[in-house]
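Okay, so here's the structure we're looking at.
What you see is a predicted model; the values in this text were computed from it and never measured. Nothing fancy with the numbering, it's 1 onward along the sequence. Atom set for the values below is all heavy atoms of this structure, side chains included, hydrogens, waters and symmetry mates excluded.
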Amino acid sequence: MPEPKFCLFGGIKPWNEHAWISSDDRVRGGKSRSYLVNSADSSIASFRGDLDITALGGAGFASHRTVDPQSWDLFDYHGLRIGIAESDGKKYTLVLKDEIPAKRADGRDESTVSWEYDFVPDRSEAVVTAFWSDFKPTYRGQPKPDATPLHLENIKRISIMMRSPGSVQVNEAHIRDMDTIGQCYGHSDSMTDLPDQYYVRAVGMLTGVVEDAR
């Protein structure tokens, strides 16, 4: 009997690039840029852009997040799965938030706790599984072990991010689906390994899978 799953993006819920928005280090004076563009048939979402850490003295990030307001109740699931068909083999981060940050006087978001999961996709087809316990709380980029537990019944933002403490990178990734254990499936086309690029293409979905009743 197949696992029940909850499709978040992709699969039976085609990707919609307008449901995502860039959230790059340019809000802090950086120069990084990210893009998330779906294919003509909306079966693939391509996450790509330029990661430039020179402007901020060695730090930088390029990310896309879901637009506000959205909300997902993932309490009955065990995590997310990311299916990767092919990638550049660089490290990416999946980020969850259970609150929408308030705005500062300058229009930027107030800092709030984020729950992050780092993963390095295989260059060939694979599935990355991220259980809730794999997501670690951070605040302003630093670990926050005393954070209150993640409110899985009230997920407000989902992000995919590329960051690096090293040299400038320009990468691209192709993502297909995200569904619940929750799963996030990704699938990318063939690509040339470009050390100055980040590249992630998902041919799939972010979904959730119930493995047992709570």
Side-chain angles (χ1 to χ4, degrees), residues 8-9 19-36 47-75 79-80 82 88 90-121 128 130-173 175 178 182 184 196-200 206:
L8 300 179
F9 308 102
W20 296 74
I21 190 171
S22 63
S23 181
D24 305 323
D25 60 22
R26 287 175 292 143
V27 298
R28 301 180 184 175
K31 296 181 179 179
S32 299
R33 291 182 178 273
S34 67
Y35 308 90
L36 191 143
F47 174 62
R48 55 186 171 80
D50 305 287
L51 179 63
D52 185 337
I53 52 88
T54 59
L56 296 177
F61 63 90
S63 71
H64 251 66
R65 65 165 178 83
T66 52
V67 298
D68 303 327
Q70 297 190 71
S71 185
W72 296 271
D73 182 355
L74 304 181
F75 182 81
L80 302 175
I82 306 169
D88 57 8
K90 296 183 173 68
K91 183 166 72 173
Y92 292 84
T93 303
L94 191 63
V95 185
L96 304 177
K97 279 185 176 290
D98 58 10
E99 61 179 316
I100 297 176
K103 292 293 185 183
R104 303 184 346 174
D106 61 5
R108 292 165 50 185
D109 286 349
E110 292 279 5
S111 296
T112 58
V113 174
S114 296
W115 292 77
E116 301 182 356
Y117 174 69
D118 295 330
F119 63 97
V120 179
V128 176
F131 292 98
W132 302 135
S133 58
D134 296 326
F135 286 83
K136 304 305 180 185
T138 66
Y139 180 75
R140 292 184 174 178
Q142 299 299 317
K144 188 172 176 55
D146 62 344
T148 57
L150 178 65
H151 294 113
L152 293 169
E153 74 283 1
N154 193 42
I155 300 301
K156 295 298 188 183
R157 286 183 179 179
I158 300 171
S159 306
I160 184 169
M161 174 171 62
M162 163 63 78
R163 61 185 171 194
S164 173
S167 60
V168 175
Q169 300 185 65
V170 183
N171 299 355
E172 185 174 356
I175 307 167
M178 295 186 186
C184 178
D196 290 333
Q197 294 190 339
Y198 73 78
Y199 180 94
V200 177
L206 176 51

Value rounded to 0.5 Å, distance of CZ in Arg140 from OG1 in Thr112: 10.5 Å
Exam field: side chain Lys136 to backbone Ser133, donor-acceptor pair closer than 3.5 Å: yes
Between CD1 on residue Ile155 and CG on residue Leu74, distance to nearest 0.5 Å: 5.5 Å
Nearest non-hydrogen partners of Ile160 and Phe47, listed with the distance: O-CZ, 3.6 Å
Between Phe9 and Trp20, ring centroids under 6.0 Å: yes
Straight-line distance of Leu94 CG to Asp134 CG, nearest 0.5 Å: 11.0 Å
Pair Ile158-Leu80, side-chain contact (heavy atoms from CB on, under 4.5 Å): steps then yes or no: CA-CA 11 Å; Ile158 300 171; Leu80 302 175; 5.6 Å; no
Distance, nearest 0.5 Å, that separates CZ of Arg26 from NZ of Lys31: 12.5 Å
Check: Ser32/Asp24 side-chain N/O donor and acceptor closer than 3.5 Å: no
Closest non-hydrogen atom pair between Gly60 and Asp25, with its separation: CA-OD2, 3.2 Å
Plane angle bin for Phe135 and Trp132 - parallel if under 30°, tilted between 30 and 60°, otherwise perpendicular: tilted
Heavy atoms from other residues, nucleotides or ligands near CZ of Arg104 exceed 12 (cutoff 6.0 Å): yes
Donor-acceptor contact present, side-chain Asp73 to main-chain Phe75, <3.5 Å: yes
Minimum heavy-atom distance Ser111-Tyr139, with the two atoms named: O-CE1, 3.5 Å
CA sep, side-chain torsions, deciding dist, call: Val113, Leu150, side-chain contact (heavy atoms from CB on, under 4.5 Å): CA-CA 9 Å; Val113 174; Leu150 178 65; over 6 Å; no
Considering all heavy atoms, the nearest Lys156-Trp72 contact: O-CZ3, 3.8 Å
Least distance between heavy atoms, Asn154 atom then Ser71 atom: OD1-OG, 3.7 Å
Derivation and outcome, side-chain contact (heavy atoms from CB on, under 4.5 Å), residues Gln70 and Leu8: CA-CA 11 Å; Gln70 297 190 71; Leu8 300 179; over 6 Å; no
Step-by-step salt bridge (Lys or Arg N to Asp or Glu O under 4.0 Å) determination, Asp109 to Arg157: CA-CA 13 Å; Asp109 286 349; Arg157 286 183 179 179; 3.0 Å; yes
Side-chain donor or acceptor of Ser34 paired with backbone N/O of Ser63 under 3.5 Å: yes
Gly49 to Tyr35 - nearest heavy-atom pair and separation: CA-CD1, 4.0 Å
Charged N-O contact under 4.0 Å between Arg163 and Asp118: yes
CG on Asp52 to CZ on Arg33, rounded to 0.5 Å: 11.0 Å
Interatomic distance, Gln142 atom CD to Lys144 atom NZ [nearest 0.5 angstrom]: 11.5 Å
Derivation of the side-chain contact (heavy atoms from CB on, under 4.5 Å) call for Val95 and Arg65: CA-CA 9 Å; Val95 185; Arg65 65 165 178 83; over 6 Å; no
